[in-house]
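By convention in this document, chain letters (A, B, ...) are assigned in the order of the sequence lines, proteins followed by strands, and residues within each chain are numbered from 1.
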Number of protein chains: 2
Amino acid sequence: MEVLTQAEENYLKAIFKLTESDAVKAASTNAIAAALGTAAASVTDMLKRLAAKNLLHYEKHRGVALTERGNELATNLVRRHRLWETFLVEKLGFGWDGVHDIAEHLEHVQSEELVERLDIFLGRPKFDPHGDPIPDAKGRMASRKQVQLSSLLPNEKAVVVGVLESQAAFLQYLNRVQLTLGTNLLVQERFEYDGSMRVLINEREEITISQKVCDNLFVQKTK
Amino acid sequence: MEVLTQAEENYLKAIFKLTESDAVKAASTNAIAAALGTAAASVTDMLKRLAAKNLLHYEKHRGVALTERGNELATNLVRRHRLWETFLVEKLGFGWDGVHDIAEHLEHVQSEELVERLDIFLGRPKFDPHGDPIPDAKGRMASRKQVQLSSLLPNEKAVVVGVLESQAAFLQYLNRVQLTLGTNLLVQERFEYDGSMRVLINEREEITISQKVCDNLFVQKTK
DNA sequence: AAATATTTTTAGGCAAGCCTAAAAATATTT
DNA sequence: AAATATTTTTAGGCTTGCCTAAAAATATTT
């Protein structure tokens, strides 16, 4: 089992995330640079090194995709990250939003046994505090726990993860009212009368959403 | 609060340990190199850098000692290390001997809040699984929990940490029978008749120790 | 005290990761 | 299709931490 540096691991994870939505099959140099906050030239540098280690497929000007091995390592990294986030929230009492940066460091500690014992200690959780699925030691994970927005009760928090029907008009509407992928929601109230909901968006703005929209929006509960 | 690299932290910790026994006031280049497994030239390199950051006093060919600030940072590092060791043993069920290397990595995660919460989660322990005292956030720590070997009961484990009377003849005897500082003991049996004990040394050799020696040996219980 | 041994420092180099500026390749406009 | 804009790569440099080999300083023997 090869050992990667923290920098290498961070590149793998960034590429993994960028190519996660199956629509996209390759990550561009610029996108990776943006994700990591480094110069594009540094990315090219590293891509060559990772390609030499057979962790990704690289062809000049073509963008990159992880190899099987690269995917394996990246998935394991995600596993570590999400287990630590779970630990920080469940055991140490951190808020679910203040936890990412610390997990970003903890995830780099290399010890299979540590991760395995942590997993057991936490009761082999399937999802982390953000609702994201935690891969098991073999890289398998549950699919996202997504539900329709209309199924939420007042005071529940969620994040937008997808739509049921993806007609252009609907997506345009979502963009218009800022209900984009990743938007955080807090349900304030639900009106029985017409099934509409008042929702706080990204801890800032409050809007009212019709039942039709609530039915078509997939969200994932968060804490 | 300045942020140190892992390498810098490792140097601080090594120097801290080397100068811990108050007898020694300066750590030599070679001793540091040996402790870290690096070349002496690399140590000289780093000593200059750490001196420039006011973390230690460095004069060519004179050896080094930590500054107040250096000591503070090193103590905090020890705190982090021992808290993580405690976590690994108490919560994750690691054996107390398989824990050092992992803690070596965890200790470098920089987050005051993380350490504070971990401390609380563990119930603010005063000693780690090796019996070493855990400094509090201000750097204060209890003195070692040392007891006379003669006070131990069969099946208790301990490590040699000092002597009561340090006559040369006694120390020579200890060296002779391998009862040196850091030796691990497991009490097998105690004979009421003459107060002598049968003890397993470093999980290998079994010897019998007279009451006089047992009274003069300070040990620290371990798990 | 001179000779020898040991320790420490200097000098010069190397890999990993980052940078900026310029060149080359690819995409988008017109 | 030519012109322009954007993306990606190359080239050259920097810092951190490490190395080896040789020089300098200090310690120990004789």
Side-chain angles (χ1 to χ4, degrees), chain A residues 2-16 18-19 24-66 70 73-74 77 104-105 107-110, chain B residues 2-16 18-19 24-66 70 73-74 77 104-105 107-110:
Chain A
E2 64 263 67
V3 172
L4 302 184
T5 65
Q6 298 199 5
E8 287 170 329
E9 288 195 332
N10 287 335
Y11 275 89
L12 283 194
K13 215 178 63 171
I15 296 163
F16 181 82
L18 287 169
T19 54
V24 190
K25 59 213 92 162
S28 76
T29 302
N30 261 5
I32 299 169
L36 294 174
T38 61
S42 311
V43 174
T44 304
D45 249 29
M46 180 62 99
L47 293 185
K48 288 177 185 168
R49 259 173 280 152
L50 291 175
K53 291 189 177 184
N54 280 310
L55 298 175
L56 46 80
H57 301 291
Y58 171 64
E59 265 183 294
K60 275 190 197 178
H61 302 281
R62 287 286 117 95
V64 293
L66 297 179
L73 293 177
L77 202 50
E104 202 79 357
H105 287 101
E107 72 188 8
H108 293 299
V109 176
Q110 315 257 10
Chain B
E2 64 265 66
V3 172
L4 301 184
T5 64
Q6 297 198 8
E8 287 171 330
E9 288 195 332
N10 286 335
Y11 274 88
L12 282 194
K13 214 177 66 173
I15 296 163
F16 181 81
L18 287 169
T19 53
V24 191
K25 57 212 94 165
S28 77
T29 301
N30 260 5
I32 299 169
L36 294 174
T38 62
S42 312
V43 174
T44 304
D45 251 29
M46 180 63 99
L47 293 185
K48 287 177 185 168
R49 260 175 280 155
L50 291 174
K53 291 189 179 185
N54 280 308
L55 298 176
L56 47 79
H57 300 291
Y58 171 63
E59 265 183 295
K60 277 190 194 176
H61 301 282
R62 285 287 116 92
V64 293
L66 297 180
L73 292 177
L77 203 49
E104 202 80 359
H105 287 100
E107 73 189 6
H108 293 299
V109 176
Q110 312 259 9

Atom NE2 of residue position B:His105 - does it have more than 12 heavy atoms of other residues, nucleotides or ligands inside 6.0 Å? no
Would you check if B:Asn10 and B:Glu107 make a side-chain contact, meaning some heavy-atom pair closer than 4.5 Å? yes
On the nucleotide D:dT8, are OP1 or OP2 found under 4.0 Å from the side-chain N or O atoms that A:Arg62 carries? no
Just to confirm, is there a sub-4.0 Å distance from OP1 or OP2 of C:dT9 to any side-chain nitrogen or oxygen of B:Tyr58? yes
How far apart are the closest heavy atoms of A:Ala40 and A:Asn30, and which atoms are they? CB-OD1, 3.7 Å
Contact check, residues 28-36 of chain B vs DNA chain C, heavy-atom distance under 4.0 Å, returns B:Ser28, B:Thr29, B:Asn30
With both pairing distances under 3.5 angstrom for Watson-Crick or G-U wobble, and | for a partner in another strand, the correct string for DNA chain D is ||||||||||||||||||||||||||||||
Beyond-backbone contact of B:His108 with B:Leu4, side-chain heavy atoms, under 4.5 angstrom: no
Side chains of B:Leu50 and B:Tyr58: closer than 4.5 Å at any heavy-atom pair? no
What I'd like to find out is whether the side chain of B:Leu73 reaches to under 4.5 Å of the side chain of B:Phe16, using heavy atoms alone. no
Atom NE2 of A:His61 and atom P of C:dT26 are separated, to the nearest Å, by 5 Å
Which heavy atom of A:Ala14 sits nearest a heavy atom of A:Ala35, and at what distance? CB-CB, 4.4 Å
Does some side-chain heavy atom of B:Ile15 sit less than 4.5 Å from a side-chain heavy atom of B:Leu47? yes
Scoring nucleotides 12-21 of chain D by protein non-hydrogen atoms under 4.0 Å (B base, S sugar-phosphate only, - none) yields ----SBBBBB
For residues B:Leu66 and B:His57, report the shortest heavy-atom separation together with the two atoms involved. O-CD2, 4.0 Å
Looking at A:Arg49, A:Lys13, A:Lys53, which one forms a salt bridge (Lys or Arg N to Asp or Glu O under 4.0 Å) with A:Glu8? A:Lys53
Taking all non-hydrogen atoms of both residues, which atom of B:Tyr11 and which atom of B:Ile32 are closest, and how far apart? CD2-CG2, 3.9 Å
Give a yes/no answer on whether the side chain of A:Lys48 brings an N or O atom under 4.0 Å of OP1 or OP2 in D:dT10. yes
Below the 4.0 Å mark, does C:dT10 have OP1 or OP2 next to a side-chain nitrogen or oxygen of B:Lys60? yes
